[in-house]
Amino acid sequence: MDGDHDEDNLASAGGEFVGFIATDITELPTVFGRPDRLVICDIYVKEFYRSTGLSQNLIERREIWGHQNDCDKLELEVDMGNDHALKLMKNLALSCLVAR
């Protein structure tokens with residue numbers, strides 16, 4: 001995978017790349033009185049590995065990282081019509097930002 005990445009962002013099986021997660025911290029002005037949030041911008045798992053818990057594992061790893069970086073809220077940014085992402089959000093009880 002090109003560019004900077006943290007190993008917690010990637011998933012592999014038998015040395016083969018099978019998925020990734022991209023997150024961003026959204027810092028809110030203190031006037032809002034809410035903590036920063038960790039937003040899942042992109043998550044991808046090869047079709048063969050879907051419904052195996054791999055997406056949940058990637059999310060859990062980033063959630064731990066988010067807590068270590070003072071993010072108390074995790075949200076998923078979803079493209080309209082992305083049924084897989086919406087189902088994942090529902091199954092994991094994530095907040096959702098429908099965007100794009």
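Numbers for residues simply follow the sequence, beginning at 1. Just so you know, these numbers use all the heavy atoms, side chains as well, and skip hydrogens, waters and symmetry mates.
Y44 and F20 have tilted rings, their planes meeting at an angle from 30° to 60° on a 0 to 90° scale.
Residues S55 and V45 come closest through the heavy atom pair OG-CG2, 3.4 Å. Considering all non-hydrogen atoms of both residues, L54 and A11 come closest at CD1-CB, 3.6 Å.
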Go through it in stages, so that I can follow the logic: the residues are D36 and T26, the test is side-chain contact (heavy atoms from CB on, under 4.5 Å), and I'd like the CA-CA distance, side-chain angles, deciding distance and then a yes or no. CA-CA 6 Å; D36 295 341; T26 300; over 6 Å; no
I21 and I59: side-chain contact (heavy atoms from CB on, under 4.5 Å), yes or no, with the steps? CA-CA 7 Å; I21 188 169; I59 290 169; 3.8 Å; yes
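Note: F48 CZ to E16 CD = 9.5 Å, rounded to the nearest 0.5 Å. Atom CD of Q56 sits about 11.5 Å away from atom OG of S51, to the nearest 0.5 Å.
The main-chain N or O of V39 is never found under 3.5 Å from a side-chain atom of K73 such that the two would form a donor-acceptor pair. Under a 3.5 Å cut-off, the side chain of R37 and the backbone N or O of C71 do not form any donor-acceptor pair.
Partner L74 forms a side chain to side chain contact (heavy atoms under 4.5 Å, CB included) with one of R62, E63, H67, E60 and no other, that one being E63.
When side chains are defined from C-beta on, N69 counts as touching I25, because their heavy atoms get closer than 4.5 Å.
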